[in-house]
Amino acid sequence: MIFLDNASTTKVLPEVQEIVNKFNTELFYNPSALYGDAFFVSKEINKARENIIKRLGGRSTDNLIFTSCATESNNMVLKAFVKKNRKALISIGEHPSVYKVAFDLKSNGYDVEFLNLNHDGVVTVQELKRCMTPDVDFISIMHVNNETGAINDIEQLVKVAKGINKKVVFHCDGVQAFGKISVNVQKLGVDFYTISGHKLHAPKGVGALFVKDSKYIKPLLLGGGQENDYRSGTENVSGIMALDQASQIMCDNIDNNFNNMQVLNNYVRVNVVDCKVISNSKSLPYTIMLAFPGCRAETILHMMEEKGFLIGNGSACSSKKRENRNLTAMGYDQKVIDGAIRISFAHYTTLEEIKSFVEQLNLVVKEYIEKVR
Ligand code: PLP
């Protein structure tokens with residue numbers, strides 16, 4: 001099977017798996033214990049924290065909290081920060097771990113407004129200016145969209161927002177960006193930045209949150225006081241060490257990988273026939289969304305699986321009607337939404353694999369269209 005659904009999760013790299021094994025066997029100690037080996041493990045966690053915060057462009061290890069996943073990091077920020085009598089702006093294209101929390105807060109009487117996307121799938125400066133008022137004190141806009149790969153110009157959006165209210169707190173979900181494009185939280189100007197291990201070849205079950213100023217944050221979990229009291233629970237040591245190693249591998253190869261992904265992305269963009277290319281050419285090249293209007297994405301997915309290729313569909317399926325906040329906001333109709341598939345590469349995906357994928361996809365869609373006619 002050729003796995004082309006890397007935006008949903010990624011395979012743990014062999015050198016990362018070695019670290020996982022080491023910290024689950026030889027060095028399995030609880031970092032809070034008082035003997036020397038446990039102290040060694042706690043020092044290793046702090047080294048990992050130092051490395052990751054540097055890779056994110058942050059200043060101090062106090063600015064990074066390890067969590068169990070990006071969903072936890074996002075919930076932690078929104079639940080602590082979005083408050084009654086204050087106004088928050090959330091992009092309509094956010095992952096459910098932001099959107100659903102925001103929506104829940106809104107239905108509980110919080111003043112949350114959703115920012116629309118343009119046809120390329122990004123929040124524009126104009127849209128932000130339309131909604132931004134001096135009483136807005138929280139904003140959440142993702143860096144790279146998980147369905148389309150659209151890249152928001154976070155630096156510019158932060159500047160505009162802070163120009164209107166210099167105290168506004170800006171959260172950015174960087175799950176699909178970290179390790180794939182360079183990230184510098186200071187340059188971006190964000191107050192919170194979320195990352196996740198399993199999107200960059202570390203295992204599932206580890207994430208982190210950059211926190212510029214901890215006065216804004218409140219723990220979701222109380223207990224043993226780990227992570228400076230911000231996130232109790234025995235640390236996922238092997239996960240944290242894996243996140244360090246995997247992010248090092250990805251960050252050290254950002255430019256090279258990016259260029260290779262561009263080649264794969266262009267090949268798909270140019271050679272798949274009878275489709276609408278949803279992802280704009282400035283999107284992250286690791287992810288491309290295509291739509292086959294009049295076809296059902298699930299059928300294409302299953303037909304491609306039979307041919308040995310695993311791909312994703314961008315939209316969550318309700319019982320009758322497929323819904324997709326991103327594509328709806330981008331102005332696409334139901335026919336496009338129903339036929340939208342997502343192809344996402346890893347740095348080791350080869351052009352040969354993509355050539356054979358495209359050949360099969362074209363055949364499958366042709367066969368499908370002939371059947372339904
Ligand atoms: N944010 C984005 C943009 C994502 O793509 C995902 C996963 O699909 C998440 C958050 C949630 O990540 P996790 O599985 O680590 O909770």
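This structure is a prediction, so every number in the text was calculated from the model and none was measured. Indexing begins at 1, ligand by ligand and atom by atom, following the structure's order.
Applying the salt bridge (charged side-chain N to carboxylate O under 4.0 Å, His left out) definition to pairs two or more places apart or across chains, those involving residues 110-129 are K87-E113, E127-R130.
Protein heavy atom nearest atom 4 (C) of ligand 1, with residue, atom name and distance: H95 CD2, 3.3 Å. Closest to atom 15 (O) of ligand 1, if we only count protein heavy atoms, is S196 OG, 2.7 Å. Annotation: atom 16 (O) of ligand 1 to nearest protein heavy atom, T71 OG1, 2.5 Å. Looking only at heavy atoms of the protein, atom 12 (O) of ligand 1 is closest to A70 CB, 3.4 Å. The closest protein non-hydrogen atom to atom 5 (O) of ligand 1 is Q176 NE2, 2.8 Å.
Taking a cut-off of under 4.0 Å to the non-hydrogen atoms of S97, the atoms of ligand 1 that pass are 10 (C). For ligand 1, the atoms closer than 4.0 angstrom to any heavy atom of M142 are 3 (C). Heavy-atom contacts of N146 reach the following atoms of ligand 1: 3 (C), 5 (O) (cutoff under 4.0 Å). The atoms of ligand 1 that sit less than 4.0 Å from any heavy atom of D173 are 1 (N), 2 (C), 3 (C), 10 (C). Those atoms of ligand 1 that come under 4.0 Å of a heavy atom in C69, given as number and element, are 13 (P), 15 (O), 16 (O). Heavy-atom proximity to H198, at under 4.0 Å, picks out these atoms of ligand 1: 13 (P), 14 (O), 15 (O). Heavy-atom proximity to K199, at under 4.0 Å, picks out these atoms of ligand 1: 5 (O), 6 (C), 7 (C), 8 (O).
Between K355 and E359 there is no salt bridge, since no side-chain N of the basic residue sits under 4.0 Å from a carboxylate O of the acidic one.
Between L290 and the options I278, I300, V268, a side chain to side chain contact (heavy atoms under 4.5 Å, CB included) holds for only V268. When each of K100, H95, H171 is tested with N74 by the rule side chain to side chain donor-acceptor pair (under 3.5 Å), just one qualifies, namely H171.
Looking only at distances, no side-chain donor or acceptor of T61 sits under 3.5 Å from a matching main-chain atom of E50. The backbone N or O of D338 sits nowhere less than 3.5 Å from a side-chain atom of R296 that would complete a donor-acceptor pair.
Residue contacts with ligand 1: E94 is excluded, as none of its non-hydrogen atoms falls under 4.0 Å.
In terms of heavy atoms, V190 sits closest to K212 at O-CD, 3.7 Å.
Both cation-pi conditions hold for R325 and Y99: the charged atom is under 6.0 angstrom from the six-membered ring centre and inside a 45 degree cone around its axis.
The closest side-chain donor-acceptor pair between N146 and Q176, if any, does not fall under 3.5 angstrom.
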